[in-house]
Protein chains: 2
Amino acid sequence: MPVVPRAWELVLRHIERELLDGKLLPGDHLPPERALATELGVGRSSVREAVRVLEGFGLIRTQTGSGPSAGAIIIATPQGGMSALMRLQVAAQGFPVADIVKTRLLLETQIVAGLADAAGPLDAAELLLAAMDDDALTPAEFLALDAQFHVALAEASGNQVVTAMMAGLREAVESYALAGLPAVADWGATLRRLRTEHHGIVAAITASDAAAASTLIHAHITGYYTETHPQETPPW
Amino acid sequence: MPVVPRAWELVLRHIERELLDGKLLPGDHLPPERALATELGVGRSSVREAVRVLEGFGLIRTQTGSGPSAGAIIIATPQGGMSALMRLQVAAQGFPVADIVKTRLLLETQIVAGLADAAGPLDAAELLLAAMDDDALTPAEFLALDAQFHVALAEASGNQVVTAMMAGLREAVESYALAGLPAVADWGATLRRLRTEHHGIVAAITASDAAAASTLIHAHITGYYTETHPQETPPW
DNA sequence: CAGACCACTGTGGTCTGACCACACAGTAGC
DNA sequence: GCTACTGTGTGGTCAGACCACAGTGGTCTG
């Protein structure tokens, strides 16, 4: 721990404390950067660095101009921050792809089982399901919708922490799915299989068959991974 | 999307690209801030804001002075960043405590089941287990060790993504556990129960009894939560 | 009087230049 | 040979200035 804490950390802690004390709520404005700087006795650049970290975490949104929508507003939408964090950690090789897949398996088997037991609204997922049945889609477009479909299942669970985690994994999942595309010998056959599996998963959920839903999504995820990584030993 | 991307986002994307291209690897130094600024044609303050975001994500570590250990070094340790993100999102009410607990249940039941099937080294967890048997511990100290114990189980699984997620949950878990402390009528009894449960979980893992380990840790987590939140309807 | 127009004001975004603290590297002195 | 010191390059911070932007409120024009 630094003996002299950096100025921007002081600003960060100050904002965190105001959040914990309930003085700042979602939707509120942060004080203007210049005011915060004089109030805390630091330079404006230090305030900006702290604000930048909060923006990176998806905690606030900044907007130039004037009026009610301008300034730094607390939004507390963790998905964006989680996505960026995961994407950069994968880029910096902090997260192996195998661990991403294993985490997907762990989360998603539980998510669909939970949905089967106490189903939430599956509208968003079913919409994506229909969109994926469009034959005009390119493989890349299909895989993008595919990744969104899996996030939609997490959203349907209503658990915001799990949703943020799946959203964070989404970009990583999409990129490795895309990277594996050349290894797919017969895309048409794979496409049909993926579609069938998706419909099967949703059917199992609506039928309240938790065990089947878990098994199906497990096979769905491992199936694509083994197809695109044939030479590797499966991580599970 | 802003038509004119902010300068610090440009810097961030540049660094991300170098990471993806393998030009920057863990352990490498980032170029000096001044050099990066002139290279990208932006001001040093913009570079600093991008660096600050990366530091917040736990991607780099900065150090003043000169020599090999000074400057910004890529470390790719996601736990710190994930912890900070979760802590702030909880503070900003982006994550309900009930969802934290549900996510713990989801992750940890799977983790211990995986450990029972293919056990990794439990040394760290067993060390914490022994430390928690010290009768001189205050409740707060015990709960801090308790939270570390659960993270240690995740670490033993070898899955870095799950470990980072559990590390992110740790502070949130510890704080709600601490907040619930006054609701515990007989701390001595609760302490004995928690200890017994911990030992039971490790025993089930070493006995390769996945089902028992899952059941025990489920009861362990829900038990403390219901004891400290008696009036609420359980979220599971 | 109604509408269009426009300067004003406060916000974040950026850059420049300066200075500090720090830690290592090389050198001068002993 | 060892010690002490100076030099150098790094991040950390600050102050000041300017820009772009978007509301606000007034003024002008029909």
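Note that the structure is predicted; figures quoted are calculated from it, not measured. Note: hydrogens, waters and symmetry copies are ignored here, and every other heavy atom, side chains too, is used. Proteins come first, then strands; the chains are lettered A, B, ... in the order of their sequence lines, and each starts at number 1.
Across the protein-nucleic acid pair, A:Leu30 atom CG and C:dG13 atom C1' stand 16 Å apart, rounded to whole Å. As a whole-Å value, the separation of A:Ile73 CD1 from C:dT11 P is 13 Å. When the C1' atom of D:dT10 is taken as reference, atom CG of B:Leu36 falls 14 Å away, rounded to whole Å. Residue A:His29 contributes atom NE2, which lies 12 Å from atom C1' of D:dG23 at whole-angstrom precision. Rounded to whole angstrom, the span from the CD atom of B:Gln63 across to the P atom of C:dA21 amounts to 17 Å. Atom CD in A:Glu33 sits about 5 Å away from atom P in C:dG12, given to the nearest Å.
Looking at B:Glu55 and B:Arg52, a side-chain N of the basic residue comes within less than 4.0 Å of a carboxylate O on the acidic one, giving a salt bridge.
Note on ring orientation: taking the six-membered ring where Trp is involved, the planes of B:Phe142 and B:Trp187 are perpendicular (angle over 60°, cut-offs 30° and 60°).
Listed by first then second residue, pairs satisfying salt bridge (Lys or Arg N to Asp or Glu O under 4.0 Å) with a partner in residues 56-70 of chain B number zero, not counting sequence neighbours. Every pair passing salt bridge (Lys or Arg N to Asp or Glu O under 4.0 Å) that includes a residue from residues 74-94 of chain A is listed here, sequence neighbours excluded: A:Arg87-A:Glu171, A:Arg87-B:Glu16.
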**Message:** As a quick check of understanding, evaluate salt bridge (Lys or Arg N to Asp or Glu O under 4.0 Å) for A:Arg13 and A:Glu9, giving each step before the final call.
**Reply:** CA-CA 6 Å; A:Arg13 282 211 303 270; A:Glu9 289 180 326; 5.2 Å; no
**Request:** List the steps and the verdict of side chain to side chain contact (heavy atoms under 4.5 Å, CB included) for A:Leu181 and A:Thr228.
**Result:** CA-CA 7 Å; A:Leu181 204 50; A:Thr228 53; over 6 Å; no
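Within 3.5 Å, no donor on the side chain of A:Arg6 pairs with an acceptor on the base of D:dG11, nor the reverse.
Residue-to-nucleotide proximity on DNA chain C shows that, of A:Arg34 and B:Arg34, the 5′-proximal contact is made by A:Arg34.
For residues 41-61 of chain A, proximity to DNA chain C is found at A:Arg44, A:Arg48, A:Arg52, defined as any non-hydrogen atom under 4.0 angstrom from a strand atom.
At the heavy-atom level, A:Gly65 lies under 4.0 Å from base atoms of the strands shown.
Qualifying side-chain hydrogen bond (donor to acceptor under 3.5 Å, both in side chains) partners for A:Asp135, counting only residues two or more places apart in sequence or in other chains: A:Arg195. Here A:Glu33 pairs with A:Arg44, A:Arg48 under the side-chain hydrogen bond (donor to acceptor under 3.5 Å, both in side chains) rule; sequence neighbours left out.
Side-chain nitrogen and oxygen atoms of A:Ser66 include none within less than 4.0 Å of the OP1 or OP2 phosphate oxygen of D:dC21.
Checking D:dG12, C:dC24, C:dT14 against every side-chain atom of B:Pro68, the shortest atom distance belongs to C:dC24.
Both key distances under 3.5 Å define a Watson-Crick or G-U pair, and stretches of 3 or more such consecutive pairs in DNA chain D run C:1-30 with D:1-30.
Residue A:His220 is tested with A:Ile201, A:Leu105, A:Val112 for a side-chain contact (heavy atoms from CB on, under 4.5 Å); the sole match is A:Ile201.
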